[in-house]
Amino acid sequence: MFSKNYGPSTGYGGNRTYSCYSSGDVDSALGFEDFLYTDDTSGTDEDLDLFVLFGNLRGNVVGLRYYTGVVNNNEMVALQREPNNPYDKNAVKVNNVNGDQVGHIKKELAAPLAYIIDNKLARVEGIVPYGAKNAFTMPIQMSFWGKEENKQAVLDRLKMHGFKMAPPLKGSELGFGSNLLSGRAGPSYSAPGHTAVQMTTEQLKSEFDKLFEDLKEDDKTREIQGPEVIGTQLLPHQKQALAWMILRENNKELPPFWEERNNFFYNTLTNFAEKERPENVLGGILADDMGLGKTLTTIALILANFHNGKPLPVEKIRCDQFYKVFGATSVKNEGDLPVKDHNCNLESSTSSGKSETVQAQLSSFYPERTKAKKPKYSERSDSEESEEWLPQETRIETKKDLPTTRKRSKASCNFQEDTGFASALAAPSPALKKKAKQKGTSSIQLAKRDDSEEGPRTTLIICPLSVLSNWIDQLEQHISPDVHLNLYVYYGPDRSKDPELLSRQDIVLTTYNILASDYGSRGDSPLHKLKWLRVVLDEGHTIRNPNALQTKAALNLEAQRRWILTGTPIQNSLKDLWSLLSFLKLKPFADREWWHRTIQRPVTMGDQAGLRYFSEGTVLAHYADVLGVLLRLRQLCCHPHLCTNTSSFSGTGVNNTPEELREKLVNKMKLVLSSGSDEECAVCLDSLTFPVITHCAHVFCKPCICEVIQSEQPNAKCPLCRNELRLEHLVECPLEESDFESVKKSDQEWIPSSKINALMHALIQLRKENPAVKCLIVSQFTTFLSLIETPLRESGFVFTRLDGSMPQKKRVEAIQCFQSSQAGSPTIMLLSLKAGGVGLNLTAASRVFLMDPAWNPAAEDQCFDRCHRLGQKQAVVITKFVVKNSVEENMLSIQNKKRKLAAGAFATKKPTASEVKQTKINEIKTLIDL
DNA sequence: ACCGCCGGGTGCC
DNA sequence: ACCGCCGGGTGCC
């Protein structure tokens with residue numbers, strides 16, 4: 001979700017999206033020392049989604065004068081047990097959003113609270129309704145959340161100590177205090193129970209949308225040239241992304257959900273305020289569906305924006321024979337190389353012999369590439385990444401030129417020694433060598449590195465092992481050969497644990513597994529000892545799971561600027577967003593409790609509430625039925641005969657068991673799908689590819705639903721109905737029934753339909769004007785295409801046909817036939833909407849007749865693109881047949897909505913399950929004119 | 001006076 | 001805390 005999508009001007013059928021997320025604010029509260037064994041209390045995996053509100057209770061916070069933490073009226077506070085308090089083992093601390101202690105819960109109340117909290121009977125949340133200026137005590141409104149089955153125990157325990165909880169106010173207690181609507185921490189007028197402001201998904205989304213740079217495809221003013229040291233010309237969208245990234249890194253605006261009011265800085269979610277300006281996040285989320293250039297754009301960013309938009313000061317080296325280092329720079333070894341220090345920042349990870357050094361570094365460099373090329377290794381998933389190293393011979397064998405490379409490396413070491421410059425060694429790519437030769441000067445000139453800027457200079461890049469070599473390759477490819485960039489590949493058993501060494505690099509490259517294993521191995525992780533200029537998480541969705549070690553390891557990195565690069569930003573839900581926003585240090589979301597209170601619960605609760613008048617039960621449970629009926633309506637718009645073979649739909653068996661019912665639904669879905677109807681997948685919102693039907697009778701693309709199952713295991717739920725989802729229950733189903741060459745000899749006599757009449761009228765008219773003009777006739781229903789064949793023959797048209805059920809050979813024939821300009825070649829092609837890939841070239845056609853509308857405008861666009869593409873010399877005219885006052889008109893209005901969504905800023909690329917659900921419901925409502 | 005009352009000292013857990 | 005509580009000073013009216 002929350003991704004922005006600006007495709008090419010054709011709009012929806014885009015082949016490239018580049019999405020940008022950003023967010024603000026740095027929370028540097030976490031000290032260095034804390035990072036290792038911080039017991040993340042929120043890490044325990046309670047199913048917070050199942051929690052219900054038990055009720056509210058007013059209490060008192062005491063001891064205010066002993067603590068520095070302050071609160072506003074109406075501000076959220078956190079309750080924290082303090083079992084080791086020497087005065088009372090039941091002590092319960094009260095902290096403000098910043099984590100500063102405000103006071104304690106009065107001991108009489110602390111006693112039952114301690115029991116409730118310690119036994120996890122409920123999660124207790126607080127809001128200070130008023131008394132912000134009190135000197136000694138202040139009231140606190142507490143709410144108790146937990147699993148239904150624990151409610152009584154909580155009530156009993158409170159009662160035992162003489163407290164009685166007020167029952168929740170009906171419907172108004174959803175994530176109280178999250179004032180996205182009122183949006184501010186004003187004076188409190190709150191009655192007991194507190195004003196609850198419900199946040200809908202829409203409101204939330206619009207708040208988050210503010211974070212996203214609104215890059216417009218045609219806005220060339222936003223472009224920025226890549227730094228000159230980038231040897232590759234950036235594409236327009238990369239220039240835009242680069243400009244946006246630089247803007248984000250130098251941005252001075254308040255982070256989202258923060259406002260300045262009366263010289264204070266207010267957080268509108270929690271009502272927390274502070275005098276100090278919250279630090280902004282310098283960075284964001286860069287999402288790119290296609291993997292087209294995140295890496296290059298990021299490399300450009302590293303070189304272009306070191307400080308205040310000024311480029312990274314790098315050395316320029318010019319010589320006739322040099323070797324550039326990637327992955328391995330080597331150093332002046334303590335004392336044993338006569339190195340001129342001002343310009344030689346080459347580092348060595350060992351102080352032993354130089355050639356050994358090089359070799360060790362190379363070994364942390366080459367196996368990756370060979371692995372990537374050898375299926376045996378590339379198939380290994382990251383989780384299987386191991387510290388074990390292949391025997392060296394194996395490695396060498398897999399890369400033909402490695403032995404030479406090694407030799408060269410050694411030679412370059414000698415070269416270093418000879419000249420006194422440890423400026424270059426290791427393996428140049430052939431391309432690089434070529435470039436170097438072209439430069440062809442024999443002198444070595446080193447531009448002085450400007451180290452006058454304070455603070456860190458190093459960018460840490462973390463990526464999955466499988467793309468490590470890609471980074472190295474791209475750095476090698478895109479950076480001008482005369483630029484010396486210090487890169488250290490922090491990988492392999494010999495990786496240096498010296499933070500000093502790392503801090504002298506321009507780029508340190510490592511993998512999530514190394515990051516995690518270093519983090520887990522008691523404090524010798526140099527990655528976590530340093531403060532980085534910039535940390536980049538490539539394929540950043542790998543930190544989606546908040547409990548994963550690599551997520552914790554990533555969250556505990558110190559950096560001034562933070563970036564998440566991802567191809568699949570948010571899979572299923574808001575939950576996935578937490579780690580990402582937390583990594584960006586978007587206050588107050590670093591703490592999962594605050595995230596849950598301010599965003600997740602209000603949104604999910606709000607959604608439930610949103611379904612009260614048009615319930616899930618009435619639509620989604622009968623989703624397949626509704627689709628079946630709609631399909632028949634759509635077919636009727638085309639031709640009455642299309643409905644004849646769907647008679648099994650109407651079987652209204654009464655005494656069905658749930659299992660029979662389910663089977664019926666699945667069968668219906670099968671029929672709907674095999675009719676050729678263009679249905680869409682609720683995960684990707686695109687036309688179905690490899691459709692599969694779930695046990696609960698919902699349809700998704702196989703890859704989409706498999707990913708859901710994968711990422712949510714072991715308890716994956718259907719994105720549409722939250723029913724249990726199991727791989728083995730998925731029913732595959734062919735896209736189109738193969739009615740090819742098994743043309744159904746319908747018993748009925750052929751009859752025309754309005755659409756057929758209109759089509760024939762147009763075709764005959766066209767032929768009169770220009771007998772050579774070629775037309776595509778497109779429908780989702782292959783049976784409809786078959787019905788059209790009859791009048792075509794009668795009127796003497798030569799036509800060919802292409803649908804999904806045809807074997808590849810026949811397809812090629814059909815296309816060649818149609819594309820031919822010879823006299824007597826077919827002038828008409830009957831085309832099934834989804835037949836053929838994007839690459840299908842039908843430029844011979846200059847007219848397209850679309851017989852029936854599809855759900856997804858992109859599917860239609862794609863179809864038009866098949867003739868309206870490079871090589872097309874004529875104007876293309878598209879005619880759509882739509883039956884007035886029918887379901888088809890409503891489908892058009894849905895298409896328009898989708899087009900707007902896709903064209904506008906931040907179309908919801910990956911919506912949450914609930915959004916999908918709501919969209920579906922709305923669509924169905926539109927279709928049946930509700 | 002093994003009380004009441006007064007008023008100062010004092011104050012989370 | 002413009003409270004409560006504690007404990008010392010004090011003691012008819």
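Just so we're on the same page: letters track the sequence lines, and every chain starts at 1. Remember, predicted model here, so these are calculated numbers, not experimental data.
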**Study point:** Side-chain (A/D518) to main-chain (A/P526) donor-acceptor, under 3.5 angstrom
**Key:** no

Review point. Taking DNA chain B as the partner, which of residues 104-113 of chain A come within under 4.0 angstrom of it by heavy atom?
Key: A/H104, A/I105, A/K106, A/K107

Exercise for review: Measure the distance from CD on A/E82 to C1' on B/dC12 and round it to the nearest whole Å.
Suggested key: 10 Å

Practice item. Please answer whether the main-chain N or O of A/T542 pairs with a side-chain N or O of A/Q550 as donor and acceptor at a distance below 3.5 Å. Key: yes

Check your understanding: Taking the same atom, C1', in B/dC2 and in C/dC13, what whole-Å distance lies between them?
Key -> 25 Å

**Study point:** Protein-nucleotide distance (A/N85, atom CG; B/dC13, atom C1'), rounded to Å
**Key:** 4 Å

Review point. Would you say the side-chain atoms of A/Y519 and A/N556 include a donor-acceptor pair closer than 3.5 Å?
Key: yes

Review point. Which atoms form the tightest heavy-atom contact between A/H528 and A/A553, and what is the distance?
Key: NE2-O, 2.8 Å

Revision key, fill the gap. The complete set of side chain to side chain donor-acceptor pair (under 3.5 Å) pairs with one or both residues in residues 157-166 of chain A, sequence neighbours excluded, reads none

Distances under 3.5 Å between protein N/O atoms and the N/O atoms of nucleotides 4-6 of chain C, please, pair by pair.
none

Exercise for review: Figure out the CG/P separation between A/N134 and B/dC12, and round it to whole Å.
Suggested key: 16 Å

Point to revise | N/O donor-acceptor pair, side chain A/D88 with base B/dC13, under 3.5 angstrom | key: no

Check your understanding: Hey, is the main chain of A/R601 close enough, under 3.5 Å, to the side chain of A/H596 for a donor-acceptor pair?
Key -> no

Exercise for review: In whole angstrom, give me the gap between the C1' atoms of C/dC5 and C/dA1.
Suggested key: 11 Å

N/O-N/O pairs, protein side and nucleotides 1-3 of chain C side, under 3.5 Å:
unit_1 : atom_1 : unit_2 : atom_2 : d
C/dA1  : N1     : A/R65  : NH2    : 3.3

Side-chain donor-acceptor pairs under 3.5 Å in residues 82-96 of chain A, sequence neighbours left out?
unit_1 : atom_1 : unit_2 : atom_2 : d
A/E82  : OE1    : A/N85  : ND2    : 3.0
A/E82  : OE1    : A/H104 : NE2    : 2.7
A/N85  : OD1    : A/Y87  : N      : 2.8
A/N85  : OD1    : A/D88  : N      : 3.4
A/D88  : OD1    : A/N90  : N      : 2.8
A/N95  : ND2    : A/Q80  : OE1    : 2.8
A/N96  : OD1    : A/N98  : N      : 2.9
A/N96  : OD1    : A/G99  : N      : 3.2
A/N96  : OD1    : A/D100 : N      : 3.0
A/N96  : ND2    : A/V70  : O      : 3.0

Practice item. Would you confirm whether A/S521, through its side chain, and A/S517, through its main-chain N or O, come within 3.5 Å as a donor-acceptor pair? Key: yes

**Study point:** Pairing residues for A/R561 by the side chain to side chain donor-acceptor pair (under 3.5 Å) criterion, not counting sequence neighbours
**Key:** A/E249

Point to revise | Test of ring centre spacing under 6.0 Å for A/W145 and A/F51 | key: no

Practice item. Spell out, as yes or no, whether a donor-acceptor pair under 3.5 Å connects the side chain of A/T551 to the backbone of A/N545. Key: yes

Revision key, fill the gap. C/dG9 -> Watson-Crick or G-U wobble partner, both distances under 3.5 Å, gives B/dC5

Review point. Can A/Y66 be said to stack with the base of B/dC12, given centres closer than 5.5 angstrom and planes under 30 degrees apart?
Key: yes

Practice item. Measure the distance from OH on A/Y67 to C1' on B/dC12 and round it to the nearest whole Å. Key: 6 Å

